[in-house]
Amino acid sequence: MWIVNCSNHAGTTSYTYNFEIGLGNEYKGYTYNGLLRWNGTNEVSIIQNPISQNIVKSHGGPDTSTVAKTTSWANSTTGHKTRWEISYNRYLMGNRTTDQNNSTATHELGHTIGLSDLYNSTNKNKVMYGVGDRTVHTPSSYDIAGAREAVK
Ligand SMILES: [Zn+2]
């Protein structure tokens, strides 16, 4: 299954992002990896643009168990996103493997498309599984079907 956030989804197949100044190269790398996986589905085209208001950044604190979070704003009439931010938790991601962090970046980018977390353990085989370790790290056919709806 998949869940599209009807009041907060991309509403377009093509949009931009930019990195916060000073973001570590490892975090840029995880992001590039996630972008390749989503752009490779041919459902979306997420491209870097230095004037983009959509920002990929990081924060330091150990004050949360959330590995990364995506915050976004949307037009209340259309439900289409107007701006979003991904923030990686350096404290937690610094202790995880590159594979895990690439998977996290792919998951967060799924939120920028408008896909919601899946919490039931039957969804471990989707990148939008949002609780613990998932068994896939690339968008599954379900994630892709959800993305196809979220860009409408
Ligand atoms: Zn999530």
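Side chains included, hydrogens not; waters and symmetry mates left out as well; all remaining heavy atoms used.
- T70 has its side chain within reach of T112: a pair of non-hydrogen atoms, C-beta onward, lies under 4.5 Å apart.
- Not counting sequence neighbours, T138 has no partner by the side chain to side chain donor-acceptor pair (under 3.5 Å) test.
- Between atom CG of residue N39 and atom OG of residue S45 there is a gap of 5.5 Å, rounded to the nearest 0.5 Å.
- Residue pairs meeting the ring pair (Phe, Tyr, Trp, His ring centres under 6.0 Å) criterion with at least one member in residues 17-37, sequence neighbours excluded: Y17-F19, F19-Y32, Y27-Y30, Y27-Y88.
- Contacts of S141 classified as side chain to side chain contact (heavy atoms under 4.5 Å, CB included), with partners at least two apart in sequence or in another chain: none.
- Under the 4.5 Å side-chain criterion, counting only non-hydrogen atoms from C-beta, V67 is in contact with M93.
- Qualifying side chain to side chain contact (heavy atoms under 4.5 Å, CB included) partners for I3, counting only residues two or more places apart in sequence or in other chains: M1, S116, L118.
- For residues 96-126, every residue pair satisfying the ring pair (Phe, Tyr, Trp, His ring centres under 6.0 Å) rule, not counting sequence neighbours, is listed here: H107-H111.
- For K126, the side chain to side chain donor-acceptor pair (under 3.5 Å) test picks out N123, with sequence neighbours left out.
- The two atoms that bring G29 and N102 nearest to each other are O-OD1, 4.3 Å, heavy atoms only.
- The closest side-chain donor-acceptor pair between S14 and T12, if any, does not fall under 3.5 angstrom.
- Remark: side-chain polar atoms of E43 are not paired, donor with acceptor, to backbone N or O of I144 under 3.5 angstrom.
- Distance check, rounded to the nearest 0.5 Å: CG of L109 to CZ of R37 gives 10.5 Å.
- A donor and an acceptor atom, one from each side chain of S103 and R134, are located under 3.5 Å apart.
- For the residue pair D143 and S140, a side-chain donor N or O sits within less than 3.5 Å of a side-chain acceptor on the partner.
- Put simply, V56 and Y91 are part of the same group of oily side chains (I, L, V, M, F, W, Y) that touch within less than 4.5 Å, one to the next.
- Among residues two or more places apart in sequence or in another chain, the ring-ring contact (aromatic ring centres under 6.0 Å, His included) test is passed with Y142 by none.
- Note on residues 49-61: pairs passing side-chain hydrogen bond (donor to acceptor under 3.5 Å, both in side chains), not counting sequence neighbours, are T16-S52, K57-E85, S58-R90, H59-S87.
- In this structure a side-chain-to-backbone donor-acceptor pair under 3.5 Å is missing from H80 to A74.
- Distance alone, capped at 3.5 Å, is enough to place a donor-acceptor pair between the N89 side chain and the T66 backbone.
- Evaluation of the salt bridge (Lys or Arg N to Asp or Glu O under 4.0 Å) rule for E20 yields no partner, not counting sequence neighbours.
- Residues satisfying the side chain to side chain donor-acceptor pair (under 3.5 Å) criterion with T71, sequence neighbours excluded, are absent altogether.
- Both L23 and I86 are assigned to one and the same hydrophobic cluster, defined by single-linkage of ILVMFWY side chains at heavy-atom distances under 4.5 Å.
- Annotation: the span from T82 atom OG1 to N75 atom CG amounts to 7.0 Å, rounded to 0.5 Å.
- In this structure, CG in N101 is found 6.0 Å from CZ in R96, a value given to the nearest 0.5 Å.
- Annotation: ring-ring contact (aromatic ring centres under 6.0 Å, His included) contacts of H137 (sequence neighbours excluded): none.
- Within 6.0 Å of atom NZ in K124, 12 or fewer heavy atoms from other residues, nucleotides or ligands are found, so the atom counts as exposed in its surroundings.
- Note that OG1 of T106 is 6.0 Å distant from CG of N33, once rounded to the nearest 0.5 Å.
- Residues D99 and T97 have side chains that never bring a donor and an acceptor to within less than 3.5 angstrom of each other.
- To the nearest 0.5 Å, atom CD of residue Q100 and atom CG of residue N95 are 10.0 Å apart.
- Neither W38 nor I55 shares a network with the other; the hydrophobic side chains, linked directly or stepwise wherever heavy atoms of I, L, V, M, F, W or Y lie under 4.5 Å apart, form separate groups for each.
- Here Y129 pairs with nothing under the side chain to side chain donor-acceptor pair (under 3.5 Å) rule; sequence neighbours left out.
- Of the N and O atoms on the side chains of S7 and N5, at least one donor lies less than 3.5 Å from an acceptor on the other residue.
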